[in-house]
Amino acid sequence: MTTIAAEKNSTLPDLETRLYLNGQWVDAEGAKRFPVENPATGEIIAHVADGSVADAERAIEAAGNAQADWAKIPPRERSEILRRAYELIIERTDELAAIMTAEMGKPLAEARGEVAYGAEFFRWFSEEAVRISGDYSTTGDGKNRILVTRVPVGPCVLVTPWNFPLAMGTRKIGPAIAAGCTMVFKPASQTPLTSLALVQILHEAGLPSGVLNVVTTSSSSKVVGSWMSSGIARKVSFTGSTEVGKILLTQAAENVMRSSMELGGNAPFIVCADADIDRAVEGAMLAKLRNMGEACTAANRFLVHRSVADEFTEKLAARMAALTVGDGSLAGTDIGPMVDAAGRDKVQELVDDAVALGARVVVGGDCPDGPGYFYNPTVLADVSAESLLMSNEIFGPVAPVIPFDDEDDAIRIANDTQWGLVGYLFTQDIDRALRLGDELEVGMVGLNSGLVSNPAAPFGGVKQSGLGREGGRVGIDEFLEHKYLSIPRR
Ligand code: ADP
C-alpha cells in the first residue's frame with residue numbers, strides 16, 4: 001500500500017497499488033512499478049505495479065479457469081455482489097473522488113458526480129442480472145420445439161481510458177458480472193488508482209477469485225495483445241481512441257472475438273434560429289465543459305444559425321470567462337488541468353491552426369502560467385471549415401462557433417465526419433427537432449439537453465464511433481450469447 005502525500009486534501013486514503021490476480025493482491029514480475037502523476041501539480045502521487053506479459057498470462061489463465069464455475073453461480077448472488085459494491089462505492093464517495101481528482105485532474109464536485117454515475121451502473125446491472133430471459137417457440141412445420149437460453153460469452157478483455165476512471169470501469173464490469181463472464185481488466189496508465197480502489201470494493205463485496213483480474217501496466221499493447229492472442233478470451237470491450245480500437249478489432253478477428261467498441265466522437269451542437277438561447281448556452285456549458293471537454297461526448301463543433309450566432313457566442317464567452325481554472329482539489333475550481341502535457345499541447349495546436357485560418361478568439365486561446373497542464377476556457381468565432389478542429393476531437397475546453405444559414409447546411413456539416421457518437425440539438429419547434437434528430441448520423445441525440453449519458457440508456461455510436469451499446473436494457477446483451485436447443489415434438 002502507498003499513501004499519497006496528502007498536503008491539500010486529508011481525505012486521500014491508503015491506496016492499493018499492486019496487481020489483482022486470482023483474488024490476490026500481488027507485485028508485478030520483478031516488482032516493477034511506474035509513476036502516476038497529478039496533472040494539476042506535476043507531482044508523482046504513487047508508483048503502481050507495472051505488469052508484464054507474464055503477469056498478463058497469469059491473469060487470463062485465472063479468468064479462463066474461473067469461467068465455468070462463475071457461470072453457474074445463481075443470478076441473484078451475482079446481483080447481490082453488484083448491489084453490495086454499489087453501496088460501498090457510495091459510502092466511499094469522498095475517498096474515490098479524491099483519488100480521481102489527484103490522478104486525473106477533474107474538480108472534486110465533478111469527481112463526486114462521476115462516483116454517483118459510475119456506481120449507478122452497478123445498481124442498474126444488479127437489477128438486470130436477475131432478468132436475463134430466453135425464448136420458447138415451435139418450428140413452422142410444428143415438428144420441433146425451439147428453446148433459446150442466454151449464456152455468458154466467456155472471459156472478457158476490458159480496456160478503459162483515463163477520462164472517466166471509475167465509470168468506464170463500472171460500465172463494463174457491471175454487465176460482465178451480471179451476465180456471468182470472467183474478466184481481465186487493464187485501466188489507463190494515467191489513472192490506475194481509481195480502478196484499483198474499485199477492485200478492492202468488489203473484493204470486499206465478495207466477488208469470487210479469478211472472476212476479475214487486473215493488470216496495471218506501462219506496456220499496454222503487449223499486455224492487451226497477449227490477452228487478445230491467448231485463445232482464452234472470447235470478447236473485448238474497449239473504450240478509447242478510434243485508432244487503438246481498430247488495432248484491437250484486427251486482433252479480435254484472429255480469434256473471432258465478440259467486440260464492443262466505444263471510440264471517438266466529433267459531436268455537433270446545433271442551435272437553430274428558434275432556440276431558447278439561454279437554454280442553449282446552459283446546455284453548451286455542460287456539453288463542452290463537463291470533464292474539461294475531455295469526453296468523447298463533448299460538443300466539438302457549435303453550428304449556430306447566423307441570426308443568433310452573435311448572441312450565443314457572446315453569452316457563452318461571458319459564462320466561460322467567469323470560470324476559475326485551477327487544481328481540482330481546491331474549493332472554487334471549475335476547470336481542472338488537461339490530463340497531461342501532450343493533451344494540453346494538442347489543444348493549443350488546434351487553436352493555433354484555427355486562428356491561422358482566420359478564427360477570432362473571443363475568450364481564452366492560451367494556457368495559464370505555472371505548473372500543471374491547464375488550458376483556459378476558449379470560445380472561437382468565425383471558424384473556417386478547413387480548420388483541424390472540425391475534424392479532430394479537441395478534448396479540451398474550446399468551443400468553435402460556426403454560423404450556418406439553412407438547416408440542410410447544418411446537417412451536411414454535422415454529418416461530414418467519420419464519427420457518429422452524439423449530436424446536440426436546440427430548437428423549440430417539435431417538427432424541426434424530430435426532422436433534424438432523424439437526419440443526424442449519430443447513436444445519441446441530446447434534444448435541448450447538453451447531457452445524454454445515463455446508465456439506464458443505451459450509450460454508443462454509429463460510423464467510426466463504435467460497435468455495440470453500453471448501459472440500458474441492451475447493455476447486458478453484449479456479454480451474452482443466444483444458445484438454442486432443438487427438441488423434436490413426439
Ligand atoms: P486516449 O487517447 O483516451 O488515451 P487510447 O486509445 O490511447 O485513448 O487509450 C485507451 C486505452 O487503451 C488505455 O487503457 C490505453 O493504455 C490502451 N491502449 C493504448 N494503446 C493500446 C494498444 N496498442 N493495445 C491495447 N491497448 C492500448
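All ligand and atom numbering here is 1-based and tracks the order in the structure.
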- Do I177 and W70 pass the side-chain contact (heavy atoms from CB on, under 4.5 Å) test, and can you show the C-alpha distance, the side-chain angles, and the key distance before you say yes or no? CA-CA 9 Å; I177 290 178; W70 176 236; 3.7 Å; yes
- Task: With sequence neighbours left out, write down each residue that passes side-chain contact (heavy atoms from CB on, under 4.5 Å) with I413, or none if nothing qualifies.
- Result: R301, L303, M390
- Message: Ring-plane angle category for H203 and Y20, please: parallel below 30°, perpendicular beyond 60°, tilted otherwise.
- Response: perpendicular
- Message: For the CD1 atom of I89 and the OG1 atom of T170, what is their distance to the nearest 0.5 Å?
- Response: 6.0 Å
- Measure from NZ or CZ of R290 to the centre of the six-membered ring of Y117, then state whether that distance is under 6.0 Å and the direction lies within 45° of the axis. yes
- Message: At less than 4.0 angstrom from any atom of ligand 1, which residues have a non-hydrogen atom? List them by chain and residue number.
- Response: V159, T160, W162, K186, P187, A188, S220, S221, V224, F238, T239, G240, S241, V244, L248
- Query: Any sub-3.5 Å donor-acceptor pair from D345's side-chain atoms to A342's backbone N or O?
  - Reply: no
